[in-house]
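Input: a single structure, listed below in structure tokens.
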Amino acid sequence: MSFDLKSLVAARMGENYELHSQHLNPTLVQVQRTIGFDRVYVRAKGAYLYDAEGNDYLDFLSGYSVFNVGRNHPVVTQALRDALDLDLPNMVQMDCSLMSGLLGEALLKKTPAHLDAVFFCNSGTEAVEGALKFARAATGRPRIVSLHGSYHGLSYGSLSVTGSESFQEGFGPFLADTEFVRLGDLNALQATLAMGDVAALIVEPVQGKGVNYPLDDYFQRAQALCRKYGTLLICDEVQTGLGRTGKWFAFQHWDLEPDIVTMAKTLSGGYVPCGAIVTRRSIYQRTFSRLDRCVVHSSTFGRNNLAMTCALATLTVLEDEKLVENSAAMGELLMTCLRRLQAKHPFIKEVRGKGLMIAIEFHEPPQFKGKLAWRLMHKIDESLFPQLVVVPMLSKHRILTQVAGHHMDVIKILPPLTIGRVEVDRFVRALDETLTECTSLSGPIMELAINTAKVQFGGRPNAQRPRANGKNGRPAVNGHKNGHANGHGVNGNGHTNGHAKNGHAVTAERK
Ligand code: PMP
């Protein structure tokens, strides 16, 4: 056989980081090596990743909420195999495929009745791009309003409505006629909508960055203002949709009636990218308004059979295994356990979230000892503290988590919706231990903090040692032992910035 994937993988597994350094993004590799995230995972199942030695890693990141049904779910895997075996005609383009029709039917059964038309695309960003175009076409208005702190994607349209400077830096100018208001500020929203030229307000019902959401009736009032001034409401459910927050869609927590909903991530089943825009038929038809505009918004791969298959199988698994209900139940359990930890660890300011989208926010504790540790860490680097939690959670406890955003003392967890008590207990125990080390100014946490300080103030970090699970005898750096291994700091965008002159710690993620 000229191409044998299994042999190729067996022969080259372990070269991952060298290959990426050479051919892809060495900056990313540098970050991963620095924080000790340069693991080689060789297998994945459900809520777990495995290395070559068979160690299990609990995945509380879920590929940024791609794996709501867990990794390599047998039903989705089998569906993909079946789709391949059927030799289905794929992307004929000048036809209407069965699979996209079936997925349209299945998805619209999950959304409220007023949303009765669907458009398929390849990613969350693409879904947002399409939603903005649909809104402009439907209203004939130019402006789009978004919220500060939001994340909607990184292409020009979606980035223009992403309210995070860290992502926009260096890429301007952006789409004209976009504007940001603060979550909760109804006066500002009213003032801008009253101008009568706003096509849409786009919101994440729960913001991915920082896991922020209103505790009051802000969303309902914002929706009422949209109605009053003829503005469409877009709910970006790319991260929050399909059970993540304990309901099928997060807008259901506030009984909202959005005009357009975007989704992606979990629709892929963790295999084949798939995005969707769901909207009212009346809005949809304003884009595809004439025969010569029947494909005026489209994408070559948008309705491909493998993506449609994955999404169909995934919707079935979410339903059959009652994963939306499990997300609500396990989310409750986790938050109860974490709030108990809060009583023990004054570093914890707040535990918030919906379903299995949970943030743990830290702050300076009132006690002398904790205060000292907190101040020291923030003096070294204002973004360091959550890193000092996330790093040992992986290196010591083999649990993958993420920092929730730039300049935030927040970590975020997004476990697969399949988790049970075992996974909840493992996470809570590990966090308990990690925070105890933070307070006592001991252990790997302080080692990382001290090494970071040494690098930033001109010293040298401890000597490098080979990565525990490296292969082929190639040395690699383990983050918690070596701090900023190459003597370069990395700012919050994951870009190297020389000698950490911006004072930002390395950071794992913030989408
Ligand atoms: N919108 C939201 C709310 C998201 O969380 C993301 C991804 N993190 C996107 C849009 C962009 O999706 P993608 O990465 O699939 O393009």
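Side chains are part of it too, since the values below use all heavy atoms of this structure and drop only hydrogens, waters and symmetry mates. In listed order, ligands and their atoms are each counted from 1.
- Residue Y64 places no heavy atom under 4.0 Å from ligand 1.
- Each of the atoms 1 (N), 10 (C) of ligand 1 lies under 4.0 Å from some heavy atom of H152.
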* To do: Walk me through it: do D59 and Y41 pass the test side chain to side chain contact (heavy atoms under 4.5 Å, CB included)?
  => CA-CA 11 Å; D59 178 13; Y41 303 107; over 6 Å; no

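- Ligand 1 places these atoms under 4.0 Å from at least one heavy atom of T125: 11 (C), 12 (O), 13 (P), 16 (O).
- Considering only non-hydrogen atoms, atom 15 (O) of ligand 1 lies nearest to G124 out of G153, C121, G124, G208.
- Residue L183 holds its CG atom at 10.5 Å from CG of L189, rounded to the nearest 0.5 Å.
- Note on residues 349-358: pairs passing salt bridge (Lys or Arg N to Asp or Glu O under 4.0 Å), not counting sequence neighbours, are K349-E361, E350-R352, R352-E361.
- Between the choices Q239, K209, E237, the shortest heavy-atom distance to atom 5 (O) of ligand 1 belongs to Q239.
- Distances below 4.0 Å separate heavy atoms of D236 from the following atoms of ligand 1: 1 (N), 2 (C), 3 (C), 10 (C).
- Remark: among candidates L154, V238, T162, the nearest residue to atom 9 (C) of ligand 1 is V238, based on non-hydrogen atoms.
- Under 3.5 Å, the side chains of E129 and Y156 contain no donor-acceptor pair of N or O atoms.
- The N/O atoms of K265, backbone and side chain alike, include one that comes under 3.5 Å of an N/O atom in ligand 1.
- Using cut-offs of 30° and 60° for the angle between ring planes, the F362 and F385 rings count as perpendicular.
- Residues in residues 207-237 take part in these ring-ring contact (aromatic ring centres under 6.0 Å, His included) pairs, two or more places apart or across chains: F219-W254.
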